Enquirer: 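Dropping a structure here in structure tokens format, bear with me for questions.
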Amino acid sequence: MMPKYIFHPTDFNQLKDHYDLIIIGSGSTGLVSAIQAHELGLHPIVLEKMAKLGGNSTRASSGMNAAETNVQLKHHIIDSYEAFYQDTFIGGDKQNNKDLLHYFTTHAALSIDWLADHGIHLDDLTITGGMHTKRTHRPSSTAPIGAFLITNFLKIIEKDHIPVFNNVRVKKLLQDHARIDGVEADFKEHGKQTIHSKAVILATGGFGASKEIIGKYRKDLVHYKTTNQSGATGDGLKLATGVGADLVDMSKIQVHPTVQQDTPHAFLIGEAIRGEGAILVNQNGQRFVNELDTRKNVTHAINQLSDKHAYLILDQGIRNHAKAIDFYDSIGLVIHGNDIAELAHHINVDSDKLNQTINEWNQDVKNHRDAKFHRTTGMDRGIDRGPYFAIHIAPAVHYTMGGIKVNHLTQVLNHQEQPVKGLFASGEVAGGLHGDNRIGGNSIAETVIFGRQAGQQAFKYIQEKQ
């Protein structure tokens, strides 16, 4: 086994008082924008408020959506930008910002190529809820996408000597003659510092861990647990509005249907598990929904159950195609059964009913026709290869579709729809792309597509300014 890669943040004594570009947030968006800006000749710095780098990106598990890729062709899958657009538009209840969505769907394949050019190969495919073809790209090892990308990005960051500071909270954006001029930041062990720059990129993530902000816009969701790491508290929103930025879609907060919550920390069980063939059953051991409908619809179906929870059911064959299960198992989230009867006993459901459900499902897979719930995807394999596994799940707050108003150039916009000069935002901190519901696999795609765009547009802005 290869030793685990460890990235060491930059020492404080290397901090300078001026950089070309300041990037706030060390998730996938922030690291991609830093790499892209550096490759264009800028000298960027990345500031992260948490001790651990990577933000919510480290928790992403399924993959990265893209259409018309060479990877798809190698798997004999014919796709189109238009189909990708329509799946995302319909999945977002047609409330997506069309300009953002058009840029997103037509630049995803280029971003897959950009990753490959950096030795980061997403050469396997799976599918997520709301999509109608396999366009969720992931590494051939089927390793969870988030940690895989963050590790590889940090290796590039280290090779390129891009400074990354952790334990630093940006308190304020600075302006000079209405142009962003840097930040005021509080370093945990070194106090207040003023750092000047020619531009700033906000890559701070969403507000899924802030009950305060959630309560302001959606009091009905405050009681839910969250899949977010504790740093996802909407810092970027406060920084942006402090310099006149507008917000959009703030009430659009996604609840993810499959989250294991029996431990102190909630763990999202990625959609790729269902994409590889897992089903959901209620406490009677029966299916109750098309498992690969949109997250919004699957969540609604679970919430209609009297006990508002369910079980993911899978077998060894599915597990072999979803390595995330190994991680879930290592932290005690997976229930085992050598056969269906033993699994049913462990999850306290009727053995005969569960067995009947699985037999019916296997026949549906064989016929490639789900007579009950009209599922058409994630039916490449049945559940017939022991041992068998279950994961107890219930819905939890997962993603915030709303955020800072931006255009497709990632420029932050004010209330008059005019750019805040020198300020860019991308990733979950920016609102509008996903509409009323985010499709699984689109968040990682967003971080790479718009992370690159932010790095490019910051470079262009600085060049024009000079």
Side-chain angles (χ1 to χ4, degrees), residues 27 54-62 91 128-130 144-146 205-234 249-275 278 280-283 288-289 291-313 322 324-325 327-328 331-335 347 390-403 428 434 436-444:
N56 271 346
S57 297
T58 60
R59 300 191 173 201
S61 59
S62 294
T128 62
I145 186 75
F207 56 92
S210 173
K211 289 191 178 294
E212 176 189 354
I213 302 179
I214 292 172
K216 180 178 179 181
Y217 295 97
R218 290 289 302 275
K219 289 182 179 179
D220 59 310
L221 300 182
V222 172
H223 69 283
Y224 278 108
K225 289 187 177 181
T226 183
T227 65
N228 288 242
Q229 52 92 20
S230 60
T233 53
D249 291 350
M250 290 296 289
S251 65
K252 300 184 190 306
I253 298 171
Q254 183 176 72
V255 176
H256 196 287
T258 56
V259 179
Q260 216 286 354
Q261 304 178 37
D262 300 332
T263 55
H265 300 286
F267 287 91
L268 179 137
I269 309 301
E271 229 151 0
I273 309 303
R274 286 171 278 151
L280 284 167
V281 302
N282 59 24
Q283 201 61 59
F288 57 93
V289 69
E291 293 85 354
L292 285 171
D293 203 338
T294 62
R295 292 174 172 181
K296 184 177 180 179
N297 290 343
V298 176
T299 294
H300 178 72
I302 295 171
N303 282 334
Q304 292 304 299
L305 301 174
S306 60
D307 41 20
K308 295 180 170 51
H309 68 86
Y311 288 95
L312 270 170
I313 304 295
I325 293 293
F327 167 71
Y328 302 144
I331 57 176
L333 306 184
V334 181
I335 303 164
I347 62 176
I391 303 177
H392 185 216
I393 60 88
V397 166
H398 177 51
Y399 193 88
T400 50
M401 280 80 71
E428 193 176 352
H434 303 291
D436 197 43
N437 173 72
R438 181 176 65 77
I439 297 290
N442 277 354
S443 63
I444 283 294

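Here, residue 1 is the first one in the sequence, and each next residue gets the next number. Note that the structure is predicted; figures quoted are calculated from it, not measured.
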Enquirer: Answer whether the closest heavy-atom distance between the side chains of I253 and V397 falls below 4.5 Å.
Expert: yes
Enquirer: Check the pair T263, I331 against side chain to side chain contact (heavy atoms under 4.5 Å, CB included), reporting the backbone distance first and the verdict last.
Expert: CA-CA 10 Å; T263 55; I331 57 176; over 6 Å; no
Enquirer: Output yes when a side-chain donor or acceptor of Q254 lies under 3.5 Å from a complementary backbone atom of H256, and no otherwise.
Expert: no
Enquirer: Main chain of G270, side chain of S62: is a donor-acceptor contact present, judged purely on distance under 3.5 Å?
Expert: no
Enquirer: Apply side-chain contact (heavy atoms from CB on, under 4.5 Å) to N282 and list each qualifying residue two or more places apart in sequence or on a separate chain.
Expert: N284, Q286, F288, L305
Enquirer: Return yes if some donor-acceptor pair links the side-chain N/O of K225 with the main-chain N/O of Q261 below 3.5 Å, else return no.
Expert: yes
Enquirer: Determine the minimum heavy-atom distance between A310 and L280, stating which atoms define it.
Expert: CB-CD2, 4.4 Å
Enquirer: Taking only residues two or more places apart in sequence, or in another chain, which ones meet R59 in a side chain to side chain donor-acceptor pair (under 3.5 Å)?
Expert: none
Enquirer: Please name all residues satisfying side chain to side chain donor-acceptor pair (under 3.5 Å) with Y399, sequence neighbours left out, ordered by chain then number.
Expert: H434, E446
Enquirer: Holding to side-chain contact (heavy atoms from CB on, under 4.5 Å), I want the full list of residues that pass it with N303, two or more places apart in sequence or in another chain.
Expert: Y224, T299, K308, P395
Enquirer: I'd like to check the salt bridge (Lys or Arg N to Asp or Glu O under 4.0 Å) partners of R295; sequence neighbours left out, ordered by chain and number.
Expert: E271
Enquirer: State which residues pass side-chain contact (heavy atoms from CB on, under 4.5 Å) with T227; sequence neighbours excluded, sorted by chain then number.
Expert: V259, L268, A396, H398
Enquirer: By side chain to side chain donor-acceptor pair (under 3.5 Å), which residues pair with T58, not counting sequence neighbours?
Expert: none
Enquirer: Tell me every residue that passes salt bridge (Lys or Arg N to Asp or Glu O under 4.0 Å) with D220, counting only those two or more places apart in sequence or in another chain.
Expert: R218
Enquirer: Taking only residues two or more places apart in sequence, or in another chain, which ones meet A232 in a side-chain contact (heavy atoms from CB on, under 4.5 Å)?
Expert: N56, A209, N228, Q229
Enquirer: With no hydrogens and no angle check, is any side-chain donor or acceptor of Q283 less than 3.5 Å from a backbone partner on I347?
Expert: yes
Enquirer: Could I get the full list of side chain to side chain donor-acceptor pair (under 3.5 Å) partners for S443, not counting sequence neighbours?
Expert: R438
Enquirer: Which pair of heavy atoms, one from D293 and one from V298, lies closest together, and at what distance?
Expert: O-CG2, 3.7 Å
Enquirer: Report the residues that fulfil salt bridge (Lys or Arg N to Asp or Glu O under 4.0 Å) with D249, sequence neighbours left out, ordered by chain and then residue number.
Expert: none
Enquirer: Quick check for you: to the nearest 0.5 Å, what is the distance between I439 atom CD1 and K296 atom NZ?
Expert: 11.5 Å
